[in-house]
Structure formats: C-alpha cells, structure tokens
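Below, chains carry the letters A, B, ... as their sequence lines are ordered, and counting in each starts from 1.
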Number of protein chains: 2
Amino acid sequence: MKGKATSFDIAHRAGVSQSTVSRALRGSPLVSEETRRRIQQAADELKYKVDKNASNLRTRHSGTLALLLFEDPTADDSHINPFFLSMLGSITRACAQRGYDLLVSFQQLSNDWHADYADTRKADGIILLGYGDYLAYRDKLQMLVDQGTRFVRWGAVLPDQPDVSIGCDNFRGGQDVTRHLLEQGRRRIAFLGDASSHYPEFFERYRGYADVLEHAALPVEPQLQVNAESTEQSGYTAMETLLDRKAPFDAIFAASDLIAIGAIRALADRGLSIPGDVAVAGFDDIPTASFVNPPLTTVRQDTREAGEALVENLLRLIQGEPAESGMLPVKLVVRKSSLRSR
Amino acid sequence: MKGKATSFDIAHRAGVSQSTVSRALRGSPLVSEETRRRIQQAADELKYKVDKNASNLRTRHSGTLALLLFEDPTADDSHINPFFLSMLGSITRACAQRGYDLLVSFQQLSNDWHADYADTRKADGIILLGYGDYLAYRDKLQMLVDQGTRFVRWGAVLPDQPDVSIGCDNFRGGQDVTRHLLEQGRRRIAFLGDASSHYPEFFERYRGYADVLEHAALPVEPQLQVNAESTEQSGYTAMETLLDRKAPFDAIFAASDLIAIGAIRALADRGLSIPGDVAVAGFDDIPTASFVNPPLTTVRQDTREAGEALVENLLRLIQGEPAESGMLPVKLVVRKSSLRSR
DNA sequence: CTGAAAGCGCTTACAG
DNA sequence: CTGAAAGCGCTTACAG
C-alpha cells in the first residue's frame, strides 16, 4: 500500500461507486445495509479514514473549536494560571463529548488573534479565556462580532456586552466571602485585587464585598484596597503595600487564590499569624488552595459546568441558534485560613 | 461581501491571476515586489485568509500536531495530573514557536487513539503523554510504528523501544532522592509506587532507589514497597497499607508528588510528624509541592525543556529526518519534608 | 438505492 | 515573473 487509501480505493474494493462509499461512511440512510456492510469491511481492511481536509473543504466546516488562552502578564511557560488550566481540561472534555476537536493556543492580548482560526477555517468557532484589561480588548471583541466570527468568552457577565459571555456570579461570590468574614468577627477587611472596570471580574467581586460592608453599616475604605493581578508575585507585593500603609486590618479578601497565596507568604514573612492575626480568603478554589498553610477559604467556580456551558453556547451560535450570556453559581468553601480560632 | 473572500476575489481586485495570488501570499520568490504589495493590500482590504482546509488538502500536511493525553484511572474532568497539565502548557508554547497548531485530546488507553488524528490528516504527527500500563499499550505503539504514523512519546527511555521516547532520567532521580535521604540519616526508606515493568517510569525510579541502597550495603526490603498509581488517593491508601504492615521505616520516597501528598495526609491522620518521625520525598515538582505542609522535597523535571524536545523530535520525524529517544536531566529540590531537624 | 459529475479553495508543475 | 490548468479527496445535488 503506497500512501493512504482514498474513497476510490474503497469503492474499487467493495465494487461500488465512490459516491456510495462516501454516503455509506457518513451514515446516509440512502445506502442499503448490505452495501454498507461491504463498504465498511473494505474500509476496515484498508484502514481507511476519511480525509478531514477534503471533507471539511467540501462541507465548509471543520468540526473543530479553537481555545484562545491569554494572560496579560505572560506567564512563563508551564506556569499558566491553574484555574485556566482546569478550565482547559473541562473544555477539552466537553468538546470531545460532542465530537469536536479542540485547538489550543496561547495568545497575547496584543496579537492578531481576532483574525485567525475562524478565518482560516481551521475552527468553526472560538472560545476566549483569559485575563487582561477588558477595556483594552473590548474593541477586538466588537471586531470579532462585526466579522461574524462565532465565539464565546469566559469572563464577567455585564449588561452591555456585544458578545456571548459565560462567567460565574462574581458579585455573589464577593458577597459570600465578605459575609463569612464578618460572621467570623472580622471588621476591617482589606481587598487585594484590581477594582475597576478594566478588570470586570475582580471588580464584581469587589462590588459584592463593598455591598455587604455597606449593608453592615461598615465603611469601605480606599486604603484597604490594593491593586493586584492574578499572580502570586503580585499578591505578595500588594500585601506588602498594604502592610506599609499601616492601616489596621483583620482580614484579607484576595480577588484570586494566587493573590491570596502571595499574601499569605508576605504575612508569614512579617511574622503575622493566619488566621490568628489576619483571616485570609481567596477566589477560584485552585487545587493548591487546600494545601497551603493554613488551608485557604475560597470561592469555588465549577469549571466542569463552565466548560460545558461555553462549548454548549458556542455550538449553538455555530448552528445559528440563539445563545445567551449566563452566570454560573458559586460556592463558598470555608477552610482554616478564615476561621476564628484553631 | 457575502461569505469569505477567496484567492480569486483577491486576484480580481489586484488585477492578477489566482495563481499569482497564491504564490505571493506564500512568499514565493517568483513574485515581483510590486505585484506582491498590490496583492497583499487587496488581501488586507478584504480581510482575506488562506483557507487551511484547501491548502492542507493540496499540500498533504496540516501544520498541526495532536497531543493525546491519557490517564489510566480517568481523572474527573479538571483534575488532570498537574504534571501533565504543565507539560501541556510547554508543548503548546513549543508548537506555537514553530508555527504549528496543537490539537488536544483526552483518551483512554482502551480507545482507538492509535488510528485517528494522523489518519484523518488533521495532524501531521502525534505526541503521546500519559500514565498507564506500558505493557498494555506497547502493542498499540508498535501498530502506530507499523502504520508509519509519526509520533513521539513522553515516558521512560528504555533500550528496546520501537518508538521515539523522551523522558527524564528517572533512574538518576531515584538515586538522588535516596542518596539525599541517606545523607539525612534515614536508613529505612520505603518506596510508594508501582515497581514493575508495567510502569517503567516508576520502575526506573525504584531501580535508582534500590541501586543506592545496595551500594550503601542496605537491604532492599519488599515489605517497604507498596504499589500506587499517581493520584493522591492512591498515595493515601498505599501509606495506610504500609503503616498496617508494622514494618519500621523512617522515610518515604513516593514515586510522584501526588502520591507523596496522599502519603503526607495519611501520616498526619495517624499522628506522625514530618519530617520528625518520617521524612518524605516525591517526584515531579508540581506547583503544589512547595505549598504542602511541610514543603515537599522532590525531583524537578524541566517541563519546558521536555515540551521543546518532544515537539522538536516530532517535527524531525515529520520532515523525514532521524530522531532519537533521549533523556533529560533531573534536579533534586530539597525542601523541609526531608530535612533532619526543623 | 446507486452512479456520474461538479465543485469546495487552494498549490504547483508546465508553458510561456 | 505570470497565467492556464490539473488535481488534492471529499460531498452532494441531479438523474436514473
């Protein structure tokens, strides 16, 4: 056998026309059972597989989705945000279940990702997953929409978005954490993480936090908020900044687990005990969260459900059906880092 | 503009033939600068992108590699072995650097993965990454080789393999850990992990361990070895089994960090202190390793280098050049879990 | 139920 | 340097 077998080879071997081979292998009801069996057998014998490039070219779709993962502070190789990695896992599975392949790619915000996979027909649609200045790439989203590219995005779900976005209930998560910390007797809760519309997910968490404080008639103090992006390093630095401000606080609500982990390190380096001196809570429930010392109270986002929802909605868009942005529930996971006494 | 522009549209707009458009866009030296510029401009204006399906069909290759990730004990969705996740990250990057796309897929050992991506021409080659009974899928590897499929595998590098495998120096890693534990005064070191040719990577680590013990004139005791696969749960169970045997030991060498983490939990549950009563060391240096309590001594595999090597060699195979199996160096990372005194 | 034929959008000898 | 033409391997109306 030289080269791969084609449908003509199968046709020849099964004594039918090439068109019939194609029909049989695609499961067309027009083919008789007997013929189908003969063709299937010939195909098996020659280890024939339909050439996807040819079939995609003909049918005008690829059976493939593209996942574009981007982080603003481009992580060194393998140190991708664990939460995204977990999403990647569930998205891959969700695709497989629906018979789609998944193309994975890392991008920088600055790149031309808005004009690639879908345009080259390598993918039928795109899933956007990442962390970066929302205002900076909002235009690109609009461009994608204008071009008619099918895509869904993981991120904050806001009223005025041009695209289909799936996200968790960040506001609610922020409320839950803050309420919990108050219940534990904390009164001066600091927030580590960006709190502006540049980073809507963090901002929603912050708004949930502020909302609960206000309802408890507690002040929302600007000096208790420090910007941080979602890395351990950034969390460490932010924690130091907060400590240097000398404003008293008895709890930290970090906008992500990575930030929380950095903060824990910084607190430990200054000799502060957790949760004795300071309670700490994060967001995401990454695998490491339960292993840090002390185990970290956090908010779990159901990545499995998230992956399903993203793929589900993207497929709907591809099929021309209506798809809607939606918010997934969150779940407070209480661990030692926020509990009153050991 | 209805539908996407094709090369004919560009040709029309630029006033040249379609063949010239194709040449210009592929960077053929046959096209004059002036013509190329005009074509490029027309392409930009129409936001034209070459249809990959068509071009792949013509050129007989896809510019895509497939990563097949499989775990024997199929992990629940997002809980993929963190080490593999890290590899996934570096492989994706290595592909991108070389202009290749990456198709990611989870597989079970039992599936027909040996006859898929490459056969359907969706990928030019395959990277195999996973954990499972080697003897069980060795036949499939042989089949891949026989079919002429281009693939490389991450795993143990053994003398008699039919395929190109890249792995770390597991034997050396096993030696390093064991030697370190001996230096810390430990004498009865247990090994948690499968130690048979079914799991060659673990087996190599075990052989390194046994080798050092023998050179130190210490016995290699079967009752100090307990099988375990690379999950926390399995590590926990294995640790319990070992404890129940009542054979004295003062150190644990776990074949992977996940196993080590499970073991640490089991030891803690029985009230044993680490490293006071028992020193513990793992293998892989997953992100969590530095966060467990106490921080885990382990062996780092350079995933960045590993991803590069895999992609590099696969590309070589695809280009018909010789590729060779190879072993990457490992690095002992000493942390608190194995140190004599606090 | 089956076959002959057109065509998906490219790339690349071949001829100028 | 450029164009006309063949062909990559399929799918799917169209005609029987």
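Shown for residues 27-36 of chain A: residues whose heavy atoms fall under 4.0 angstrom of DNA chain C, namely P29(A), L30(A), V31(A), S32(A), T35(A).
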Donor-acceptor contacts, no H, no angles, side chain residues 311-320 of chain A, under 3.5 Å, sequence neighbours left out:
residue : atom : partner : partner atom : Å
E312(A) : OE1  : R98(A)  : NE           : 3.3
E312(A) : OE1  : R98(A)  : NH2          : 2.8
N313(A) : ND2  : A309(A) : O            : 2.9

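Checked against side chain to side chain donor-acceptor pair (under 3.5 Å), H198(B) has the following partners two or more places apart in sequence or in another chain: D133(B). Taking R36(A) as the reference, A24(A), V31(A), E33(A) meet the side chain to side chain contact (heavy atoms under 4.5 Å, CB included) condition, with sequence neighbours excluded. The side chain to side chain donor-acceptor pair (under 3.5 Å) check on R38(B) picks up E34(B), with sequence neighbours excluded. Listed by chain and number, the residues in a side chain to side chain contact (heavy atoms under 4.5 Å, CB included) with D51(B) are L57(A), R60(A), R121(A), N53(B), A54(B) (sequence neighbours excluded). For D101(B), the side chain to side chain contact (heavy atoms under 4.5 Å, CB included) partners two or more places apart in sequence, or in a different chain, are L103(A), Y117(A), K122(A), T64(B). Residues satisfying the side chain to side chain contact (heavy atoms under 4.5 Å, CB included) criterion with H12(A), sequence neighbours excluded, are absent altogether.
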Checklist outcome for this item: Per-nucleotide protein contact along nucleotides 9-16 of chain D, 5' to 3', at a 4.0 Å heavy-atom cut-off (B base, S sugar-phosphate only, - neither), is BBBBB---

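Residue pairs that meet the salt bridge (charged side-chain N to carboxylate O under 4.0 Å, His left out) test with at least one member in residues 14-24 of chain B, sequence neighbours left out, do not exist here. The salt bridge (charged side-chain N to carboxylate O under 4.0 Å, His left out) analysis of residues 144-155 of chain A, with sequence neighbours excluded, yields the pairs R153(A)-D163(A).
In DNA chain C, consecutive stretches of 3 or more Watson-Crick or G-U wobble pairs with both distances under 3.5 Å are given as paired ranges: C:1-3 with D:14-16, C:5-12 with D:5-12, C:14-16 with D:1-3.
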